[in-house]
Trainee: 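Let me begin by handing over the structure; questions about it come next.
Nothing fancy with the numbering, it's 1 onward along the sequence. If you're wondering where the values come from, they're calculated on a predicted model, not measured in any experiment.
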Amino acid sequence: MENCNITFIGCGNMSRSLIGGLINNGVKTERLLATDPDAEQRQNITQQFGITTLENNEEAVANADVIVLAVKPQVMQQVVSSLANAVKGSSKMLISIAAGVRLNSLTEWLGEPTAVIRIMPNTPSLIQAGAAALFANEHASDTQKNTAEAMMRSVGTAIWLETEDLMDTVTALSGSGPAYFFYFMEAMEKAAIEMGLSNEDARLLTIETALGAAKMALLSASDLTELRKQVTSPGGTTEQALNTFQQGKLEELVHEAMSAAKKRSIELSKLLGE
């Protein structure tokens with residue numbers, strides 16, 4: 001990875017997190033380049049990381065080994081089609097981090113077989129605590145796959161999927177997941193304030209409780225069910241709270257919510273591929 005030239009198309013938050021992670025893991029700034037139509041965005045990323053930025057995408061990918069497509073799904077077809085000539089006949093690898101854009105659409109827009117890898121990252125990548133899933137098409141070599149995996153491990157955890165269809169499930173789980181936890185934490189914080197805690201104390205205890213629970217789950221040999229049972233004393237306060245969740249069918253609600261997110265991901269894939 002250290003010897004690859006990597007160009008980022010788009011200077012948004014996910015590009016920033018990946019660029020920062022790569023630099024922290026030893027990639028030299030001269031190996032990195034980014035583009036964005038917004039001059040202010042380009043200036044900001046240059047000031048933050050000391051890398052070169054350009055406005056012209058085709059110029060930016062001329063010497064790239066890896067091209068990271070970090071643009072909105074709605075403009076992906078336009079961007080990829082504009083790069084087709086620059087990529088044609090080369091061994092460049094494209095990485096798409098756009099939700100809902102399938103590999104066959106990307107290959108069709110490029111006009112010829114090309115190494116393409118889809119990645120679903122999530123926003124905690126911004127603090128090097130991301131969780132990403134990857135799926136490559138048949139044209140990606142083992143070396144290219146290793147490069148893509150190393151890039152994502154520079155900002156968190158990375159796993160490979162067995163089929164591309166599972167990307168819709170990952171979108172509903174880790175892609176959208178941070179918002180679910182923020183929502184639950186919001187509810188806990190609000191309830192604690194209504195029960196008498198100050199805003200500051202309620203926020204701190206909510207966040208630290210969530211962080212501690214996540215760390216325990218990560219470091220423990222026990223599964224989540226066993227960890228829950230360890231905290232739940234018969235006839236105690238935790239049991240009463242969990243009984244209330246069960247009576248409200250929280251597990252069913254979570255399943256319905258994630259199913260709705262997955263369904264929308266599939267719908268977007270069809271719309272964006274048209």
Trainee: Contact between Leu161 and Ile159 at the side-chain level, heavy atoms closer than 4.5 Å - yes or no?
Mentor: yes
Trainee: If only side-chain N and O atoms count, and only distance matters, is there a donor-acceptor pair under 3.5 Å linking Ser154 with Asn25?
Mentor: no
Trainee: Where the side chain of Arg102 meets the backbone of Ser269, is there a donor-acceptor pair that is under 3.5 Å apart?
Mentor: no
Trainee: Between Val80 and Leu69, is any pair of side-chain heavy atoms under 4.5 Å apart?
Mentor: yes
Trainee: Through direct or indirect side-chain contacts below 4.5 angstrom among Ile, Leu, Val, Met, Phe, Trp and Tyr, which residues connect to Val254?
Mentor: Leu173, Tyr180, Phe184, Met188, Leu242, Phe245, Leu250, Met258
Trainee: Any donor-acceptor pair under 3.5 Å linking the side-chain atoms of Gln128 with those of Arg153?
Mentor: no
Trainee: Does atom CG of Asn63 have more than 12 heavy-atom neighbours from other groups under 6.0 Å away?
Mentor: no
Trainee: Is a salt bridge present between Lys88 and Glu112, judged by a nitrogen-to-oxygen distance below 4.0 Å?
Mentor: no
Trainee: When you measure from the side chain of Ser125 to the backbone N and O of Pro121, does any donor-acceptor pair fall under 3.5 Å?
Mentor: no
Trainee: Quick one: CG on Asn5 to CG on Asp65, what's the gap to the nearest 0.5 Å?
Mentor: 5.0 Å
Trainee: Would you call Arg264-Glu267 a salt bridge at under 4.0 Å N-O?
Mentor: yes
Trainee: Quick one about Thr35 and Asn57 (side-chain donor to acceptor, distance below 3.5 Å, no hydrogens or angles considered), yes or no?
Mentor: yes
Trainee: Picking from Glu149, Met152, Met151, what satisfies side chain to side chain contact (heavy atoms under 4.5 Å, CB included) with Ile119?
Mentor: Met152
Trainee: Keeping the roles fixed (side chain from Thr157, backbone from Ala131), state whether a donor-acceptor pair exists under 3.5 Å.
Mentor: no
Trainee: Ignoring hydrogens and angles, tell me if any N or O in the side chain of Ser17 forms a donor-acceptor pair with the backbone of Met14 under 3.5 Å.
Mentor: yes
Trainee: Salt bridge check: are Asp165 and Lys262 linked by an N-O gap of less than 4.0 Å?
Mentor: no
Trainee: Can you tell me if Ser105 uses its side chain to pair, donor with acceptor, with the backbone of Val101 under 3.5 Å?
Mentor: no
Trainee: Nearest 0.5 Å, what's the CE-OG distance between Met120 and Ser176?
Mentor: 7.5 Å
Trainee: Looking at Glu30, I want to see if its CD is surrounded by more than 12 non-hydrogen atoms of other residues, nucleotides or ligands under 6.0 Å.
Mentor: yes
Trainee: Give a yes or no answer on whether the side chain of Ser15 reaches the backbone of Gly10 with a donor-acceptor pair at less than 3.5 Å.
Mentor: yes
Trainee: May I ask you to decide if Ala115's main-chain N or O and Gln144's side chain share a donor-acceptor pair within less than 3.5 Å?
Mentor: no
Trainee: Between Thr107 and Pro113, which heavy-atom pair has the shortest distance, and what is it?
Mentor: CG2-CA, 4.4 Å
Trainee: Any sub-3.5 Å donor-acceptor pair from Asn122's side-chain atoms to Ser174's backbone N or O?
Mentor: yes
Trainee: Please determine, by modelled atom types, if Thr238 and Thr232 share a side-chain donor-acceptor pair under 3.5 angstrom.
Mentor: no
Trainee: Say whether, by atom type as modelled, one donor and one acceptor occur between the side chain of Asn137 and the main chain of Thr114 under 3.5 angstrom.
Mentor: yes
Trainee: Could you grab the distance from atom CD of Glu189 to atom CD of Glu186, nearest 0.5 Å is fine?
Mentor: 7.5 Å
Trainee: Checking Arg118 side chain against Ile97 main chain: does a donor-acceptor pair fall under 3.5 Å?
Mentor: no
Trainee: Distance check, rounded to the nearest 0.5 Å: Asp201 atom CG versus Arg203 atom CZ?
Mentor: 12.5 Å
